[in-house]
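Remarks on the structure that follows.
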There are 2 protein chains.
Amino acid sequence: MNAKKPAPQVPDCKEQLIAIKDTMILLSGKWKIQIIGWLLLYGKVRFMDMLRGIEGIAAKMLSKELQELEQNEIVARTVMPTKPTTVEYELTEHGKTLSGVIDAISAWGVTHRKFLFKKES
Amino acid sequence: MNAKKPAPQVPDCKEQLIAIKDTMILLSGKWKIQIIGWLLLYGKVRFMDMLRGIEGIAAKMLSKELQELEQNEIVARTVMPTKPTTVEYELTEHGKTLSGVIDAISAWGVTHRKFLFKKES
DNA sequence: GAAACTGGTTTCCTTTATGAAATCAAGTGG
DNA sequence: CCACTTGATTTCATAAAGGAAACCAGTTTC
């Protein structure tokens with residue numbers, strides 16, 4: 001039984017890499033991380049406020065991304081008994097555990113900007 | 001001059017949200033974060049080892065993602081003067097500053113798995 | 001020379017993702 | 001009744017992403 005592929009020159013797949021993959025499946029898409037960042041910053045937010053506040057997002061996308069986040073219990077949706085029905089979204093307790101990820105991403109964005117600035121000077 | 005859109009009910013766009021967007025533009029795509037995780041874990045790695053080690057990735061994608069990371073000075077590429085030419089990839093100093101992001105993502109994957117486990121029990 | 005290995009690139013094709021605009025349902029104010 | 005609000009969903013269309021397989025170039029080994 002000759003294997004076609006040569007043996008890999010590196011140790012086997014690590015837990016950490018699996019965990020990275022798991023996380024990124026839930027957070028994939030152009031808007032999810034931005035939405036979570038929003039909710040971390042603002043707490044409870046209504047649909048229309050996010051729609052107007054997150055630059056460039058379309059209603060369909062916002063709706064779809066929020067649904068997916070809700071299914072994964074990262075975001076909670078509450079229908080309020082107001083005159084024109086409003087809906088509030090907020091992070092669940094589990095969703096809030098993403099703050100470490102979001103903060104790291106945000107902080108790196110700043111680091112990267114400094115890096116680019118140093119280059120051009 | 002009546003604005004068509006009502007005023008947003010939340011304060012204006014924050015720096016943090018811009019930084020998140022900036023970061024995610026560089027790390028978008030199905031494989032980039034996994035690749036960076038790999039390089040953090042293994043250091044210098046050859047092209048073929050990554051191709052065999054990262055499950056499911058095609059040569060085209062690996063090549064393309066590495067090029068993009070190289071353009072953003074996150075990954076460095078070194079052609080080695082060996083018999084069959086080999087090429088080594090590794091994180092640049094700037095690329096290594098992503099370790100906080102990658103670690104947070106990895107750690108959350110573990111947190112999430114625990115969360116799912118608690119639910120089913 | 002044939003075959004294999006390295007590190008790619010190219011072609012062709014399919015699947016996802018995203019977006020703009022229209023529509024809808026329920027409710028309010030005039 | 002008409003217009004407008006909120007929170008969506010539906011339709012239609014396009015753009016982007018991703019993948020399988022073939023191909024290429026340089027070098028080595030049989």
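All values below come from the heavy atoms of this structure, side chains included, with hydrogens, waters and symmetry mates left out. Quick caveat, the model's predicted, so the values are computed rather than measured. To find a chain, count down the sequence lines: A is the first, B the second, and so on, and within it residues start at 1.
Taking atom CG of residue A:L62 and atom C1' of nucleotide D:dT6, one finds them 13 Å apart after rounding to whole Å. Atom CE in B:M50 sits about 11 Å away from atom P in C:dG7, given to the nearest Å. As a whole-Å value, the separation of B:E70 CD from C:dG7 P is 14 Å.
With respect to A:Y89, the side-chain hydrogen bond (donor to acceptor under 3.5 Å, both in side chains) criterion is satisfied by exactly one of A:R77, A:E70, A:R46: A:R77.
Phosphate proximity of D:dT6 to A:R52: present, with a side-chain N or O under 4.0 Å from OP1 or OP2.
In this structure a side-chain-to-backbone donor-acceptor pair under 3.5 Å is missing from B:S63 to B:K60. Panel note: side chain A:K32, backbone A:S28; a donor-acceptor pair is recorded below 3.5 Å. A donor-acceptor contact shorter than 3.5 Å links the side chain of A:T92 to the backbone of A:E73.
Comparing the axis of the opening five pairs of the helix from C:dG1-D:dC30 to C:dG30-D:dC1 with that of the closing five pairs yields an angle of 10°, rounded to 10°.
Other cluster members for B:F115: B:L116, joined by side-chain heavy-atom distances under 4.5 Å among Ile, Leu, Val, Met, Phe, Trp and Tyr.
Looking only at side-chain heavy atoms (C-beta outward), B:V87 and B:T78 stay at 4.5 Å or farther from each other. In this structure, B:L17 and A:W38 have side chains that are in contact, with non-hydrogen atoms separated by less than 4.5 Å.
Atoms NZ and CD, on A:K44 and A:E88 in that order, are 5.0 Å from each other to the nearest 0.5 Å.
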So if I define the base as every atom that isn't primed, P, OP1 or OP2, how would nucleotides 7-19 of chain D read as a B/S/- string at a heavy-atom cutoff under 4.0 Å?
SSBBB------BB
